[in-house]
Structure formats: C-alpha cells, structure tokens
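Worksheet: the structure to be examined is printed underneath.
Keep in mind it's a predicted model, so treat the numbers as computed, not measured. By convention in this document, chain letters (A, B, ...) are assigned in the order of the sequence lines, proteins followed by strands, and residues within each chain are numbered from 1. The figures here come from the full heavy-atom set of this structure, side chains too, leaving out hydrogens, waters and symmetry mates.
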Protein chains: 2
Amino acid sequence: MAKSFVTSVEVAQRAGVSRSAVSRTFTEGASVSPEVRRKVLKAAQELGYRVNRLAQGLNNASSNLVGVVGANLSLPFIAKQLDMLSLGLLRRGQQCLLLNAADARSDIAPLIELIFEFRARAIVVLSGEPPASIVDECLANGVKLIVINRLLERSDTDVILSDDILGATLAARRLTDARCRKVAVVTSGSGTPTQIRRAEAFGRIMKDDGIDVVGWHDGPTTYETGLKAARELLADPAIDGAFCVTDLMALGFLDAARHEMGRSVPDDLSVIGFDDIPQASWKSYELTTIAQSFEVLTEAVLAALDHADGQSVIQNVPVTLVERQTVRR
Amino acid sequence: MAKSFVTSVEVAQRAGVSRSAVSRTFTEGASVSPEVRRKVLKAAQELGYRVNRLAQGLNNASSNLVGVVGANLSLPFIAKQLDMLSLGLLRRGQQCLLLNAADARSDIAPLIELIFEFRARAIVVLSGEPPASIVDECLANGVKLIVINRLLERSDTDVILSDDILGATLAARRLTDARCRKVAVVTSGSGTPTQIRRAEAFGRIMKDDGIDVVGWHDGPTTYETGLKAARELLADPAIDGAFCVTDLMALGFLDAARHEMGRSVPDDLSVIGFDDIPQASWKSYELTTIAQSFEVLTEAVLAALDHADGQSVIQNVPVTLVERQTVRR
DNA sequence: ATGAAAGCGCTAACAA
DNA sequence: TTGTTAGCGCTTTCAT
C-alpha cells in the first residue's frame with residue numbers, strides 16, 4: 001500500500017495555518033474564524049483530506065463504533081432488526097461494526113472481545129448470550145451492553161425483551177376462542193429463553209383452561225423445522241390448534257399442514273405465530289400472529305445507548321395480536 | 001468514561017518487560033522468547049488487556065475493517081449476501097463495517113467517505129453505484145473497491161456480476177418450451193442495471209422466437225410490487241407466462257395471480273423468477289427460478305479482496321435453472 | 001532476543 | 001481566535 005491518505009499537516013501547510021486549525025474546522029463547535037475555516041475547507045477539498053478516525057479514536061480512548069453481534073442474519077426476523085438498527089445508528093452518527101456469530105449456539109465471547117479491541121462505546125447483542133466475564137469487562141471499561149430477548153441474571157445490563165408472557169396469553173386466548181380442544185406448541189430445539197418463555201406461558205394458560213396441550217421441540221429455528229413439526233404432530237387427528245413460537249416455523253407448519261397433511265386451515269386447524277415477519281402477511285399465508293413492533297424494539301435499543309452508565313433498564317416491547325386468516329373465528 | 005482499557009505499558013510493567021516485548025507477543029511471527037511470551041500472556045490475562053486496534057491501525061495507516069454498504073438489508077436476497085459475507089470476512093480475520101444506505105436510490109458517496117475515515121482496506125458495495133469521484137479516491141488511496149451487480153464503465157474496479165444474460169436466456173427458453181404465447185416481463189421501477197439487463201435480454205430472445213412480450217415496471221423491488229404487476233397485467237387473459245426479474249416480485253406475482261386473478265399456475269400461467277431466495281422453495285410457492293449461487297458470489301467477493309491493487313476483474317457468477325412447479329411441463 | 005526511542009495522525013490544554 | 005506542545009497506545013527500526 002504505497003499510497004496513503006492525506007494528513008492534516010498537509011492540509012495545514014496548503015492552507016497556511018496550523019494543524020490545530022485544521023482539527024478545529026472539523027470539530028463540532030470549536031472556535032475558528034470563518035476566514036480560516038474557509039481556507040482549510042478549500043485545501044482539504046483540493047487534497048481530498050479525510051479525517052482519520054483511528055487517530056481520532058485513539059485520543060478519546062473510544063471510537064464511535066457500536067458493535068453488533070448476531071447469528072443467522074438472513075432469517076427474516078433478525079434481518080429486519082439489523083436493517084433498522086444499522087439505519088438508526090447511522091442517523092445518530094454512529095457506525096455499525098457487525099460480527100456474525102455463525103450460529104445461535106456458538107460462543108459470542110470472542111466476537112465481543114474483538115469489539116473491545118476497536119474501542120466501541122457500546123455493544124448490541126441480537127442473538128446469543130454474553131458470559132458473565134464479558135459483562136464484567138464491559139462494566140469495568142465503560143462499555144454499554146445491550147442484550148435483546150435474553151434475560152441476564154444481573155441488573156447491570158440493558159435488556160430489551162418482547163413481552164412474551166402477554167404474547168403467549170393473547171395466543172392462548174385466541175385459540176381458546178376458536179374452540180380448540182387439543183393444541184400443539186412448537187419450539188425449536190435451540191432452547192432460547194424467549195422461545196421457552198413463550199411456550200411455557202402458553203402451556204400454563206391452556207392447562208388452566210382445561211385444554212390439552214402437547215409440546216414439540218426439535219431442530220433449528222427455521223421454516224423446515226415448522227414443516228417437520230406439522231408432519232409429526234398432525235399425525236394425531238385430534239390436534240386442532242397450534243402455537244408456533246416464531247413465524248418462520250409457523251409458516252413451515254402451515255405449509256406442511258395444508259399441502260402434506262391435508263388439513264384445512266382455519267377450518268379444522270388453527271395456527272398462530274409470533275413476530276409478524278414480512279412473510280406472515282403474504283397472501284399464501286395470511287398468518288394470524290403476535291406482532292412485536294420492530295420500530296419500538298429499535299427505538300428501545302437506540303434509547304438504551306443514551307442511558308447513563310450503570311443506569312440499566314429492562315424494557316418490555318409491547319406485543320399485539322394481528323388477526324389474519326389462520327385461526328377460526 | 002472515567003474507566004478505560006488496560007494498555008500495553010501496564011502489561012509490560014506487570015510482566016517486568018518492555019512494551020516492545022508486549023507488542024511482539026501479540027504480533028504474528030515476531031521474535032520473542034517463550035519465557036517472555038509466557039510472562040506477558042500471563043500479565044495480559046490477569047489485567048484483561050485488549051490490543052487497541054485504533055492505535056494499531058494508526059501505525060499501519062490502515063485498519064483491517066472492510067466497509068460494506070448496502071440498502072434494504074432485510075430483503076431476503078440482500079440479507080443472505082450480507083450474512084455470508086460477514087461470516088466470510090470474520091473467518092479471514094477481517095471485520096465488517098456496515099453502512100446501511102436506507103434505500104436503493106440514495107447516494108452512497110457519504111457512506112463510502114465514512115469508510116475511508118476508518119481507513120478500511122476494502123469496500124464492498126452490495127447495492128447502489130459509487131460515483132466516479134469515489135472510485136478515483138479508492139484508487140488514489142489504495143482502497144480495494146468491489147461492486148456487486150453493477151457494471152461500472154471503468155476497468156479499475158472489481159465487479160461481480162450474476163450472469164444475467166444466461167439467466168434471461170434460460171428463462172426465455174423455459175417459457176418457450178412451456179408453449180407460452182404472450183409473456184410479461186416484470187421489473188421494479190428502480191431501474192437497476194441488473195434488472196434492466198435481465199429484462200432486455202429476455203425480451204430480445206422472446207421476440208426472436210416470435211413470442212409476444214409485454215414489459216412492466218413500477219415501484220420498489222418488493223413482494224407488493226409483484227402483487228401489483230399481476231393485478232394489472234393479468235387483466236389481459238392472453239398473458240400466459242411471466243418472467244419476474246427477482247424472486248421477491250415473482251412471489252407476489254404468483255400470489256395475486258392465484259388468489260386474486262383466479263389463475264391456475266402452472267396450468268394456464270407459467271411464472272419464473274430470478275435469484276432463488278429461500279422463500280422460493282417454500283411449499284406454497286415452489287417457484288421455478290434462475291439460481292445464483294450465494295456461495296460462489298461470496299467466494300468471488302472474498303477472492304477479489306486478495307487481488308493485487310490495480311489487478312481488477314469482472315467476474316460472472318454462474319446461474320442455473322431450478323425447475324420447480326410454476327412452469328408448465 | 002530485547003529495550004530505547006521515534007513516530008503514526010489526531011485532539012486538547014495551554015499560551016499568546 | 002490562533003499556534004505550540006504534549007500525549008493517546010501501538011509498532012518498528014535501531015542498537016545492544
């Protein structure tokens with residue numbers, strides 16, 4: 001790499017001022033005369049000067065990078081979150097350092113360590129759970145840690161949670177209203193806290209209502225897993241309702257139910273999902289589901305970025321029932 | 001931010017060595033005795049030392065960040081690319097600085113400038129087209145520029161292109177085999193080169209075959225646009241085939257065709273898409289489509305990262321016809 | 001193999 | 001308002 005970027009000294013020379021003057025023209029709210037500012041800007045322009053954020057960050061002992069770690073970035077639910085988050089960060093003048101965790105089970109500690117090395121101010125964890133040692137390190141170094149849909153057993157981290165209990169309640173109530181007699185609750189085999197919370201709350205309520213519920217869990221959180229669940233569960237003709245804890249699985253479940261198991265939805269089978277991903281509203285599905293607002297979720301994350309150190313918060317993202325066509329009326 | 005990270009001096013002191021020794025233990029292939037190395041590692045471990053990549057980068061006049069700019073990160077096709085790319089970068093020991101361009105039409109120049117400021121070695125453009133001035137700046141500063149599915153009119157940039165012409169040819173041939181008499185070609189209103197290339201090549205071939213083709217373009221590249229296209233185009237009962245230049249639009253097209261326009265696919269309407277996004281294989285669609293291999297695409301990008309400066313390449317990503325259920329046999 | 005010292009490009013404290 | 005100076009934390013000659 002023979003060639004390299006123009007530095008502030010070169011700009012200063014060309015403009016006939018000191019390097020501080022250059023620095024100041026590029027610093028919000030520093031005192032420079034309009035005259036000097038103009039000269040600097042002109043020189044910078046001509047030379048193609050770009051502030052070196054590495055050097056800048058070295059001074060402040062922090063970059064304005066925000067580390068984002070997540071897995072399965074192509075799943076609709078995650079992709080949507082990432083899309084909105086990266087956009088929001090950019091609008092706030094922060095940059096997004098993206099680390100892909102390969103899969104949900106993998107250890108995210110090494111990725112977070114990488115983020116430390118870039119002196120990011122904050123870390124957002126979209127999937128996976130940071131080990132306690134990492135949380136401590138964040139605290140010790142003044143790095144804000146924001147975890148989504150994972151309830152850590154400590155009070156020093158910002159946690160953004162979808163309101164799983166309310167969601168499960170809405171789903172249960174809706175299936176009860178549909179006069180279901182025996183319902184399945186479908187989770188993946190990944191055992192994420194969110195899925196477990198949804199499934200357990202749902203099961204509890206249904207049992208209280210005296211409705212038979214059969215649990216099912218296996219495989220990754222994918223469309224194909226939904227397919228498999230339906231193939232296995234719907235062998236039992238008594239099952240007339242299903243709560244799939246993510247839309248992606250619900251969509252697979254629906255497809256196998258209709259196209260392979262000969263079920264008519266919602267006439268002899270009611271299905272309800274969770275998340276309200278874009279595909280849920282596609283005409284072939286019209287999935288009745290529990291919606292989490294991506295806007296609210298993103299806003300909560302961005303707001304958490306501004307919280308003072310140590311002032312951490314558990315925030316519930318509200319959910320609502322979106323009535324479409326997969327539950328009997 | 002009162003607290004701050006441990007520095008190499010502190011590690012050096014604790015280990016009873018010089019800072020150079022510390023630097024060397026953390027530098028690949030530097031000469032340190034096992035003895036010193038051990039001491040340094042121990043001290044670093046105890047102190048929770050993290051190399052400061054900002055300072056590191058300041059020295060080398062470059063970070064090992066790779067800038068990635070893209071729009072609509074939640075669209076399946078983009079999300080998939082980003083997922084694989086970020087994973088690949090991480091495996092190569094590079095980090096992904098993600099800049100979200102809000103929408104496909106927006107100017108990506110400011111985002112790329114941001115990437116310059118972080119002294120990234122390379123920039124990958126997933127959507128949008130960098131202006132010539134930016135390309136020049138990349139060249140001048142030794143920054144590798146890799147553009148996907150955009151053919152720039154210059155030979156000094158790496159360009160990765162799906163083989164649109166072949167894809168269009170395969171689609172045309174398939175629709176001809178299905179004995180279609182009048183076919184629609186659906187593009188969005190965004191006018192991206194890829195879409196135009198696909199549509200034009202397709203139209204040319206069909207006309208050569210003496211088959212009626214009607215073009216349609218409007219709106220963003222979304223599912224909803226596909227819906228709209230079908231509603232408008234299928235008012236004409238003579239249309240018995242459609243080539244949608246992206247799967248997402250094809251899926252919308254299919255849904256409106258079946259659920260709103262009363263068409264039976266593939267019996268009285270054949271539909272073919274492009275990209276082979278995950279949803280194309282869902283049971284409700286079973287979309288026949290032209291597949292681009294995401295693996296090959298990603299590999300091509302990663303390989304381009306290694307190209308020597310100035311040695312730029314236009315690489316075609318091969319495509320294949322994936323036969324499913326939406327074209328008459 | 002190791003340490004001392006210089007310097008990467010910038011900002012902030014201090015003087016003028 | 002401006003310039004001078006001293007680091008920020010690291011790597012890298014250059015001696016030893």
Side-chain angles (χ1 to χ4, degrees), chain A residues 1-41 43-44 47-65 116-121 141-142, chain B residues 1-41 43-44 47-65 116-121 141-142:
Chain A
M1 207 125 322
K3 29 244 182 132
S4 86
F5 283 86
V6 173
T7 75
S8 66
V9 215
E10 302 174 55
V11 176
Q13 280 168 352
R14 178 160 193 130
V17 298
S18 73
R19 3 167 133 145
S20 323
V22 177
S23 173
R24 283 194 268 257
T25 45
F26 290 100
T27 303
E28 198 71 18
S31 64
V32 225
S33 67
E35 172 61 9
V36 170
R37 168 178 222 90
R38 203 188 42 72
K39 283 196 294 190
V40 170
L41 253 22
L47 261 27
Y49 170 70
R50 304 281 169 213
V51 176
N52 185 333
R53 300 238 180 190
L54 270 36
Q56 214 171 44
L58 186 53
N59 265 322
N60 327 324
S62 91
S63 60
N64 54 355
L65 291 171
F116 284 146
E117 298 182 1
F118 279 98
R119 299 299 187 260
R121 279 191 208 296
N141 295 297
Chain B
M1 208 125 319
K3 31 246 181 126
S4 87
F5 284 86
V6 173
T7 75
S8 67
V9 213
E10 302 174 54
V11 176
Q13 281 167 351
R14 177 159 194 132
V17 298
S18 72
R19 357 157 142 176
S20 321
V22 177
S23 174
R24 284 193 266 258
T25 40
F26 288 101
T27 303
E28 199 71 20
S31 66
V32 224
S33 66
E35 172 61 8
V36 170
R37 168 177 222 92
R38 203 188 43 72
K39 282 196 295 189
V40 170
L41 253 22
L47 260 28
Y49 171 70
R50 305 281 169 215
V51 176
N52 185 333
R53 299 240 180 187
L54 269 38
Q56 213 172 45
L58 185 53
N59 266 322
N60 327 324
S62 91
S63 60
N64 54 356
L65 291 172
F116 285 145
E117 298 181 1
F118 279 98
R119 298 299 188 260
R121 278 192 208 296
N141 296 297

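- At whole-Å resolution of the value, CG in B:Leu47 and P in D:dG9 are 14 Å apart.
- Taking atom CD of residue A:Glu117 and atom C1' of nucleotide D:dC10, one finds them 13 Å apart after rounding to whole Å.
- Rounded to an integer number of Å, the gap from B:Asn60 CG to D:dG9 P is 17 Å.
- Judged as a side-chain contact (heavy atoms from CB on, under 4.5 Å), and not counting sequence neighbours, the contacts of B:Glu10 are B:Val6, B:Thr7, B:Leu47.
- Of the side-chain N and O atoms in B:Ser23, none sit less than 4.0 angstrom from OP1 or OP2 of D:dG9.
- Summarising the geometry, the separation between CD on A:Glu35 and P on D:dT2 is reported as 9 Å, rounded to the nearest angstrom.
- Across its full length, the helix from C:dA1-D:dT16 to C:dA16-D:dT1 shows an angle of 30° between the axes of its 5 terminal pairs at either end, rounded to 10 degrees.
- Between the C1' atom of D:dT12 and the CD atom of B:Gln56 lies a distance of 13 Å, rounded to the nearest Å.
- Within the structure, the side-chain hydrogen bond (donor to acceptor under 3.5 Å, both in side chains) test picks out no pair touching residues 17-27 of chain A (sequence neighbours left out).
- Scanning for salt bridge (Lys or Arg N to Asp or Glu O under 4.0 Å) contacts around A:Arg53 gives B:Glu117, with sequence neighbours left out.
- For the pair A:Ser8 (side chain) and A:Val22 (backbone), a donor-acceptor distance under 3.5 Å is absent.
- Backbone-only contact: B:Val36 has heavy atoms under 4.0 Å from sugar-phosphate atoms and none from a base.
- Residues passing the side-chain contact (heavy atoms from CB on, under 4.5 Å) test with A:Val51, sequence neighbours excluded: A:Phe26, A:Tyr49, A:Gln56.
- Bracketed by its first and final contacts, the part of DNA chain C lying under 4.0 Å from non-hydrogen atoms of chain B reaches from C:dA1 to C:dG9 in 5' to 3' order.
- Across all strands shown, A:Phe26 has no heavy atoms under 4.0 Å from either base or sugar-phosphate atoms.
- Residue-level contact check: A:Ser31 touches the bases, meaning some heavy atom is under 4.0 Å from a base atom.
- A:Arg50 pairs by the side chain to side chain donor-acceptor pair (under 3.5 Å) definition with B:Glu137, not counting sequence neighbours.
- Under the rule for a salt bridge (Lys or Arg N to Asp or Glu O under 4.0 Å), the partners of A:Arg14 that lie at least two apart in sequence or sit in another chain are A:Glu46.
- Atom pair B:Glu10:CD and D:dC10:C1' shows a separation of 14 Å (rounding to whole Å applied).
- Take B:Ala61 and apply the side-chain contact (heavy atoms from CB on, under 4.5 Å) test, not counting sequence neighbours, and it matches no residue.
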Detail all sub-3.5 Å separations between protein N/O atoms and N/O atoms belonging to nucleotides 4-8 of chain D.
{"residue": "D:dT4", "atom": "O4", "partner": "A:Ser20", "partner atom": "OG", "Å": "2.9"}
{"residue": "D:dG7", "atom": "N2", "partner": "A:Asn59", "partner atom": "OD1", "Å": "2.6"}
{"residue": "D:dG7", "atom": "N2", "partner": "A:Asn59", "partner atom": "ND2", "Å": "3.4"}
{"residue": "D:dC8", "atom": "O2", "partner": "A:Asn59", "partner atom": "OD1", "Å": "3.0"}

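- Remark: C1' of D:dG9 and CD of B:Gln13 are 14 Å apart, rounded to the nearest angstrom.
- Using a 3.5 Å distance cut-off with no hydrogens or angles, the side chains of B:Arg121 and B:Ser62 do pair a donor with an acceptor.
- Within the nucleic acid shown, B:Val32 comes within 4.0 Å of sugar-phosphate atoms alone, with no base atom in reach, counting heavy atoms only.
- Residues satisfying the salt bridge (Lys or Arg N to Asp or Glu O under 4.0 Å) criterion with A:Glu35, sequence neighbours excluded, are A:Arg38.
- For A:Asn52 against A:Leu54, the heavy-atom pair with the smallest separation is OD1-N, 2.8 Å.
- Residues satisfying the side-chain contact (heavy atoms from CB on, under 4.5 Å) test with A:Ala15, not counting sequence neighbours, are A:Val17, A:Lys39, A:Val40, A:Ala43.
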